[in-house]
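First the structure, in the form of structure tokens, and then the observations on it.
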Amino acid sequence: MKIFFSSPFLLVLTICIIGCVNLVHTAPTKIGNGYSLIAIEESPDGGLIGYLKVKKKNNIYGPDIPNLQLYVKHETDNRLRIHITDADKQRWEVPYNLLPRESPPSLKQTIGKSRRGQFSLLSNQEYSGNELMFSYTSDPFSFSVKRKSNGQTLFNSSSEDSDPYSNLVFKDQYLEISTKLPKDASLYGLGENTQPHGIKIYPNDPYTLYTTDQSSINLNMDLYGSHPMYMDLRNVNGEAYAHAVLLMNSNGMDVFYRGDSLTYKVIGGVLDFYFFSGPTPLAVVDQYTQFIGRPAPMPYWSFGFHQCRWGYHNLSVIEDVIANYKKAKIPLDVIWNDDDHMDGKKDFTLHPVNYPGPKLRAFLEKIHAEGMHYVVINDPGIGVNKSYGTYQRGLANDVFIKYEGKPFLAQVWPGAVHFPDFLNPKTVEWWGDEIRRFHELAPIDGLWIDMNEVSNFCNGLCTIPEGRICPNGTGPGWICCLDCKNVTKTKWDDPPYKINASGIQAPIGYKTIATSATHYNGVREYDAHSLYGFSETIATHKGLQAIEGKRPFILTRATFVGSGHYAAHWTGDNKGTWEDLKYSISTVLNFGVFGVPMVGSDICGFYPAAPPLEELCNRWIQVGAFYPFSRDHANYYSPRQELYQWKSVTKSSRNALGMRYKLLPYLYTLSYEAHKTGAPIVRPLFFTFPNIPELYELSTQFLVGSNVMVSPVLEKAKTKVSALFPPGTWYSLFDMTQVIVTKEPHYRSLDAPLHVVNVHLYQNTILPMQRGGMLTKEARMTPFTIVVAFPLGASEGVAKGNLFLDDDELPEMKLGNGKSTYMDFHATTSNGTVKIWSEVQESKYALDKGWYIEKVTVLGLNGIGGAFDILVDGSKLEDTSKLEFETEEHKFIDKLEDGGHKKSMMLDIKGLELPIGKNFAMSWKMGI
């Protein structure tokens, strides 16, 4: 939730008025002459450790650090680490207890000891692992990383005279390093930002990483998250190779991509690079999340539809919203409160009149019994109020961020606030206790942690004014009313290099915590700023899980490397425009690459736009129904935009969300795969078809899992959509008799009336579905349908799929706990025989629940025959009297590329009662 500065122009004006930044910023192209490698040898742990010395000192952005330590290690078969830091003095790094990883050895403890201080260079300038190879040049020092299998250079830090960037620069508050890149490399990542050109990183667009409370309607600017990671996809002679590069650094940075090079300019910390070899996009995300933390398991209900609004003034409004969803027959699982439930907008409180405790608890008891859930917002700012228990306990435990020994004072929604310091272990304990106390007051099902970049309505060092109330209850609540003065006296508040914060080189302490403030153990906000939301997420996860031992649900706005291990994310304060609808797809896809697969955008837009909204909302729910996290949310000042507000949107919602609720077992299985391998729930088409360059910048379609493709309408007044189909057979998920077949990647014009979204299922897939329902609780207990998609008319074909089921309240999402079941599905058509079978792991949970398959739908058959057999756990099913066989010929939306139509059909086998949890096998002969 945020209102202020939806336009960067207002921000520019404000900064110019306070006169705290010079917007004209020119930097020399080249800085210094780099470093020389004067010693390198093997380290005790099997890596390399080296010693670098600056070649020629200069004072641009401060003095050079004269001596550097280089540490290189192949940490796994597919991960290489290159770490560069001050050889003489410890520097800030992302805390190892916050994001666990190996610590590099100390230079003083290792290098030269075996040679009694006589340093030397290794004779071999290459250091090979299984997949990657490190090599270096000594003077000036540079390094390269190559793919061992084909010799391709993935990273090359050397700088030629003609290059527009420097050799290695390493100063206290300015680090610079670059890499050459081939012009045909496709890069993804470096977020969070709203990218108007689509998912690919675009040459010469600004990429600034610094967590900022800035609306996502601002393009190409630093937004809520910092993810200094990119994936590089290259097509070499028709074969795709992907790798990823992570710079583990939490300081503010600019990243310049020129099309043939990429330059990091970082204002602190160390250069700690991790290279992930891939070579497929899925392998990259697998390796990346293995390192940063696998995505968090999510409760089943979180894949239902969510409704929120800032401005649900009292409990009766919430009850009315739920009633209207039921009346409209639109699925709804989760109802949310923004800060309306709070007393004076203070965390962990209830408004005594609008949301009184006894009435709220009775309401929650009722909706919980029905299977619905309730999530509320929580901002990190703790109101300064002597009668406020959370504040008093926080003071007593000394949990707040300090400025010159006193709690730093800021202003957010409650008025004057202090910010908890989540790097302090005592704060984590206190926060968990406050969550527990609030849960006793209102048994919520999850927490939405917002404003945690962190956001501050004021600037600098502030005090509470004497003689006037702040805020006074009139006018906007986001106008600063504290008495404040700018803080620019330290190098932390005014660093020599100005990152392009907010697109205008805003001061890095602007509208946040003063960067000279201190955290636990003297850590500067300057260094830890972009970790604030991440550290709060970890503390919130620990607090929620401790209450009842259940699987937590957390939605966070601010994110960092590893946030997906604990929480979901939404893309922040967007606007009800066609452009924002389109942008949302790229941001959602990027977060899948970042290891945050549970992600979505505010459906229909958070900020109001000029009416009419109705057509846009029709199209947005058709996209949002396939976001992993699907929520309608609106601003306080927006017109009401719940999905039932318009008859046309009601119809589109029933259609799109109806399909989502049928696909819940598929979505939940994808979330299991995400938790085990990092695989994004929603992903770009090139994840499944990496060898097709035409897909590398496609940002208007997406895949749910590997094989379900969504091709939405993203423009006003359109009733057709041009969709790119990769080679193969694609079946319409809403009408499985309709089929598209293509031998080459081709665009197809698809009919898309107002209530229609085109969703297609790819060949070789087995898709688990259920009947759907108004709630995940009831949809989950309906019988299953298994859809088997063969290539159209194939005499030889295979298909496969899987299904994961568990007790979704358990903290762990895994097999082996007695409360989960996993099934692999297989199908073949060969030599005139079709076979479909399952392989079950840990059957007891599914059998206890009584789940069963009622229908098998087979697509793409070239004929139906006889000799039908079913085996269940190896025993033949004797009674087949209830079975029904229905066939329907497939229909084509256009001519096949070979000029003819193959006769093929869809077969429905109904009346089945195959228990989920027992192995089954069915087969039959194909006729004509």
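Note: hydrogens, waters and symmetry copies are ignored here, and every other heavy atom, side chains too, is used. Count residues from 1 along the sequence.
- At distances below 3.5 Å, at least one donor-acceptor pair connects side-chain atoms of T821 with backbone N or O atoms of A846.
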(message) One pair to check against ring-ring contact (aromatic ring centres under 6.0 Å, His included): H439 and F348. What are the steps and the verdict?
(response) CA-CA 9 Å; H439 192 269; F348 307 119; over 10 Å; no
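- In terms of heavy-atom proximity, A568 sits nearest to M298 at N-CE, 3.7 Å.
- For NZ of K426, the number of neighbouring non-hydrogen atoms (other residues, nucleotides, ligands) closer than 6.0 Å is greater than 12.
- A donor-acceptor contact shorter than 3.5 Å links the side chain of T349 to the backbone of D343.
- Side-chain atoms of R654 come within 3.5 Å of backbone atoms of A328 as a donor-acceptor pair (strictly under, hydrogens ignored).
- In this structure, the side chains of L663 and M769 come closer than 4.5 Å at one or more pairs of heavy atoms.
- Formation of a donor-acceptor pair under 3.5 Å by the D333 side chain with backbone atoms of G304 is not found in this model.
- Without hydrogens or angle criteria, N324 side chain to D320 main chain gives a donor-acceptor distance under 3.5 Å.
- At distances below 3.5 Å, at least one donor-acceptor pair connects side-chain atoms of D807 with backbone N or O atoms of E809.
- Cation-pi contact between R101 and Y96: present, with separation from the ring centre below 6.0 Å and deviation from the ring axis of at most 45°.
- For the ring-ring contact (aromatic ring centres under 6.0 Å, His included) test with F553, the passing option among Y300, Y566, W301 is W301; the others fail.
- Under 3.5 Å, the side chains of D806 and Y672 contain no donor-acceptor pair of N or O atoms.
- Between Y325 and F305, the ring planes lie tilted relative to each other; the angle falls in the 30° to 60° range.
- In this structure, H633 has its ring center closer than 6.0 angstrom to the ring center of W448.
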(request) Please lay out, stage by stage, how D445 and H368 fare under the test side chain to side chain donor-acceptor pair (under 3.5 Å). (result) CA-CA 9 Å; D445 300 294; H368 284 157; 2.7 Å; yes
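- With D213 contributing its side chain and E453 its backbone, the two residues share no donor-acceptor pair below 3.5 Å.
- Shown here for D632 and E642, the closest heavy-atom pair between the two residues is OD2-CA, 3.9 Å.
- The two residues V840 and G917 have their closest heavy-atom pair at CG1-O, 3.6 Å.
- Contact check on K359 versus E319 returns no salt bridge, with no Lys/Arg side-chain nitrogen under 4.0 Å from an Asp/Glu carboxylate oxygen.
- The number of heavy atoms from other shown groups lying within 6.0 Å of NZ (K345) is above 12.
- Between W620 and Y627, the ring center distance fails the sub-6.0 Å criterion.
- Nearest heavy-atom pair across V285 and G678 is CG1-O, 3.0 Å.
- Here the shortest heavy-atom pairing between T427 and P420 reads CG2-CB, 3.7 Å.
- Of all heavy-atom pairs between L544 and P552, the closest is CB-CB, 4.0 Å.
- Note: W336 and W570 fail the aromatic proximity criterion, with ring centroids not under 6.0 Å apart.
- Judged purely by atom type and a 3.5 angstrom limit, H529 uses its side chain to pair as donor or acceptor with the backbone of T211.
- No salt bridge links E365 with R361; every basic N to acidic carboxylate O contact stays at or beyond 4.0 Å.
- In this structure a side-chain-to-backbone donor-acceptor pair under 3.5 Å is present from K777 to A369.
- The main-chain N or O of D379 is found under 3.5 Å from a side-chain atom of D347 such that the two form a donor-acceptor pair.
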